[in-house]
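For reference, the structure is listed below as structure tokens.
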Amino acid sequence: MSNRLSPTKLSAVRSSRSKSILIAGGAGFVGSHLADRLIEQGHTVTVLDDFTTGRADNVAHLVGRRRFRLVRGDVIDPIEFEVDQIYNLACPASPPHYQLDPIRTFKTSVLGALNTLDLAERSGARILLASTSEIYGDPEVHPQPETYWGHVNAFGPRSCYDEGKRSAETLFHDYHERRNVDIRVARIFNTYGPRMRPDDGRVVSNFVVQALKGEDITIYGDGSQTRSFCYVDDLVDGLMRLMNTADLHTPVNIGNTGEFTIAELAETVVDLVGTRSRVVYRDLPVDDPRQRRPDISKAQRELGWSPRISLRDGLVPTIAYFDQLLQRMPAEMAS
Ligand SMILES: NC(=O)c1ccc[n+]([C@@H]2O[C@H](COP(=O)([O-])OP(=O)(O)OC[C@H]3O[C@@H](n4cnc5c(N)ncnc54)[C@H](O)[C@@H]3O)[C@@H](O)[C@H]2O)c1
């Protein structure tokens with residue numbers, strides 16, 4: 001791994017067979033699975049990551065491969081690179097992480113969008129933004145189609161993330177309209193799978209880790225709030241299809257339409273882990289949405305994409321991953 005450079009200066013060999021692809025935030029949960037798939041397809045992949053929430057472990061198996069490079073860098077700084085495609089995934093995604101330093105989260109979203117868009121413009125690359133269902137806020141329309149403008153609080157603890165991503169979308173829109181940059185915008189709904197962090201505070205990792213440790217499973221609120229859960233392989237497939245579909249410059253929802261209450265998720269995890277954990281209830285955090293489910297008809301129509309992995313099927317490898325991780329981790333880190 002090289003040291004952090006400012007501005008980040010990189011170079012890549014382009015070839016007709018393989019594309020040179022930058023994944024900003026590629027050492028994170030989603031980015032590392034994307035890197036695996038792109039390398040499998042014979043592309044040259046550079047992961048640029050500042051390791052705030054990502055881990056070198058997630059891509060350690062790729063280090064040393066001829067077509068893979070890992071660079072420590074920050075999307076808040078300008079990036080110099082020759083590249084055919086850019087996936088901009090750089091941003092902490094879980095509330096405890098993005099709320100740790102909300103100003104930095106906002107900068108990462110907005111300046112990260114600017115710097116990756118500038119890079120795309122300079123190098124003539126196609127660029128995809130990992131946006132989020134959070135741009136719909138606490139929605140008043142169910143399920144949420146891309147045409148819904150959202151119900152978002154600009155002045156609260158989640159705003160750095162929600163408004164940061166909304167601003168990033170605006171920049172993507174304007175770089176396309178005014179500078180003809182070839183953009184793609186994926187609005188990603190809750191995704192889970194191996195390589196999530198045990199401490200990231202997201203509901204699937206929380207429940208699985210608590211169940212594996214035999215601890216109480218904590219539900220915030222009464223458990224009747226609903227979420228949809230997309231397995232990471234399905235998401236990566238959707239992102240790659242979106243990137244490689246011609247002339248699709250408007251946002252596309254990517255998520256699983258199966259809607260589960262949080263209480264149902266807890267029951268499924270308890271059942272699959274076979275734990276004796278009890279379910280306990282705590283106060284709902286501020287601005288926590290009641291219900292969230294994507295309308296994915298656009299992805300089905302334009303990308304021929306639908307999720308294929310059921311919640312139970314996706315939970316099995318996820319539980320196996322956390323089980324192994326907890327066995328390897330020192331007790332104080334796993335707690
Ligand atoms: N996982 C989900 O359910 C979900 C849902 C909606 C949107 N998304 C979006 O998808 C992307 C990936 O999410 P994830 O779940 O893999 O999260 P993650 O936190 O595991 O990955 C984010 C990666 O970005 C890196 N990063 C953060 N700030 C950076 C900076 N300033 N410069 C360079 N790298 C930086 C982190 O170190 C990490 O590797 C994020 O942009 C997130 O907003 C994810």
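Both ligands and their constituent atoms are indexed starting at 1 by order of listing.
Contact detail for Glu169 and Pro251: the closest heavy-atom pair is OE1-CG, 3.9 Å. The minimum heavy-atom distance linking Val59 with Ser32 is given by the pair CG1-CB, 3.9 Å.
The shell of residues lying under 4.0 angstrom from ligand 1, judged by heavy atoms, includes Lys165. Contact between Gly73 and ligand 1 is present, with at least one heavy atom of the residue lying under 4.0 Å from the ligand.
Neither the backbone nor the side chain of Glu134 has a heavy atom within less than 4.0 Å of ligand 1. Under 4.0 angstrom from ligand 1, there are no non-hydrogen atoms of Tyr192. Using a 4.0 Å cut-off between heavy atoms, Arg197 makes no contact with ligand 1 at all.
Summarising the local packing, CZ of Arg312 is surrounded by more than 12 heavy atoms from other residues, nucleotides or ligands at distances under 6.0 Å.
Note: no N/O pair closer than 3.5 Å links Asn88 and ligand 1 by distance alone. An N or O contact shorter than 3.5 Å links Thr53 to ligand 1 by distance.
For the pair Glu146 and Lys298, the salt-bridge criterion is not met [side-chain N within less than 4.0 Å of a carboxylate O].
Side chains of Ile79 and Thr116 form a contact here, defined as non-hydrogen atoms less than 4.5 Å apart.
Within ligand 1, the atoms closer than 4.0 Å to a non-hydrogen atom of Gly54 are 36 (C), 37 (O), 38 (C), 39 (O), numbered from 1 in the order shown. Each of the atoms 30 (C), 31 (N), 32 (N) of ligand 1 lies under 4.0 Å from some heavy atom of Asp74.
Considering only non-hydrogen protein atoms, atom 21 (O) of ligand 1 sits nearest to Gly28 CA, 3.6 Å.
Relative ring orientation between Tyr148 and Tyr136 is described as parallel, the plane-to-plane angle staying below 30° on a 0-90° scale split at 30° and 60°.
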